[in-house]
Amino acid sequence: MDTLQLVPLEWYLGLAAFVFSAGLYTALARRNAIAVLMGIELMLNAVNINLIGFWRYSTTMAALAGQVFVVFVIAIAAAEAAVGLALIISVYRNRKTVNLDDLDLLRG
Amino acid sequence: MQGLMEQLSAFIPPITHQVFLALAIFVIACSLLVALARNLFHSALGLVGALFGIAAVFALLEAEFVAVVQVLVYVGAISTLITFAIMLTRGMMYGRTSGTNRQLLASVMAAGTFFAVVLGIVFNVEWPQADPTAPIGSGAQIIPTLGLLFVNDYLVAFELLALLLLVALSGALLLARDRNK
């Protein structure tokens, strides 16, 4: 093997597309609020794969913008997970359920 | 013998391709487990696996710092939070399942359509690419550069992020507190 052959960028984008779709399905179809949050985490991770992939194959790699963005996304996802799970625990304490179909207090 | 080996190696994909394919299969299997497992705890385990696999994908893309941050923040902290939330809301570990809602068909169609459209775009667009074999410098240069970027070019965003984390975590504490005690 003469040079280390890199995987084409399209493969990474395809993997990210699949992970995003799995997350989208989870967020839309699951009945449990925690499962919906897990789907959102999957979608954020798919976006991170794309950002790092584009960074690795870009012509302005030295600017490191891709890595900076990913660190921001991870930090904001951590904040989102903390607030989301606190909301779920608060809802559970008041309604004794985290089933999203039963949470229809605002229905007219 | 030498010629035979060379002929054979023409059919074997390069080592990076093999590593990528193994990682991709692992990540895809784990994200399918997240989406389809009926037991919520199995979903959480699949999420941990998928996050680990994605950290390995970052390492394969030579973004070592981000891979380490991914393991620390996602695998270490967020999965623990999710596991605790599952255990605090009902005994879902005892086979108690959570199915799908009435939007199942629409969700499958939405996710499937999205996947097909994005895949079509990905493999039909000519992405502008640098020479991917160009050296990117060692990690010893990248991490100090990243640190300097955070306190120079991205200073305002960085400080806002710190504020956001403070507000979000105090808000989470306030929300999850038991008011009756």
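All heavy atoms count here, side chains included; hydrogens, waters and symmetry mates do not. Proteins come first, then strands; the chains are lettered A, B, ... in the order of their sequence lines, and each starts at number 1.
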Determine the option with the most heavy-atom pairs under 4.5 angstrom with chain A, choosing from [options].
| options | answer |
| --- | --- |
| B:Gly46, B:Ala176, B:Ser79 | B:Ala176 |
| B:Leu104, B:Leu51, B:Leu81 | B:Leu81 |
| B:Ala106, B:Ala77, B:Ser43 | B:Ser43 |
| B:Gly112, B:Ala157, B:Ala50 | B:Ala157 |
| B:Val118, B:Val34, B:Leu21 | B:Val34 |

Please lay out, stage by stage, how A:Tyr25 and B:Phe114 fare under the test ring pair (Phe, Tyr, Trp, His ring centres under 6.0 Å). CA-CA 10 Å; A:Tyr25 167 80; B:Phe114 180 84; over 10 Å; no

Can you give me the closest heavy-atom contact between [X] and [Y], atom names plus distance?
| X | Y | answer |
| --- | --- | --- |
| A:Ala86 | B:Ala172 | CB-O, 3.4 Å |
| A:Glu10 | B:Val125 | OE2-O, 4.4 Å |
| A:Ala75 | B:Leu165 | O-CD2, 3.8 Å |
| B:Leu164 | A:Ala79 | CD2-CB, 4.4 Å |
| B:Glu62 | A:Arg56 | OE2-NH2, 2.9 Å |

Any idea which of A:Thr26, A:Leu28, A:Val83, A:Val91 has the most non-hydrogen atom pairs under 4.5 angstrom with chain B? A:Leu28

For the atom pair [atom1] ([X]) and [atom2] ([Y]), what is the distance rounded to the nearest 0.5 Å?
| X | Y | atom1 | atom2 | result |
| --- | --- | --- | --- | --- |
| B:Phe58 | A:Leu51 | CZ | CG | 8.5 Å |
| A:Ile89 | B:Leu88 | CD1 | CG | 5.0 Å |
| A:Ile34 | B:Phe84 | CD1 | CZ | 13.0 Å |
| A:Asn32 | B:Arg38 | CG | CZ | 12.0 Å |

Measure the shortest side-chain to side-chain distance between [X] and [Y] over non-hydrogen atoms and say whether it is less than 4.5 angstrom.
| X | Y | result |
| --- | --- | --- |
| A:Trp11 | B:Phe20 | yes |
| A:Arg30 | B:Leu40 | yes |
| B:Val27 | A:Phe18 | no |
| B:Val57 | A:Leu15 | yes |
| B:Ile82 | A:Leu37 | no |
| B:Tyr154 | A:Val71 | no |

Counting only heavy atoms not in B:Phe123, do more than 12 fall under 6.0 Å of its CZ? yes

What part of A:Leu85 gets within 4.5 angstrom of chain B, counting heavy atoms only: side chain, backbone, both, or neither? side chain

Go through the atoms of A:Tyr12 and report whether side chain, backbone, both or neither lie under 4.5 Å from a heavy atom of chain B. both

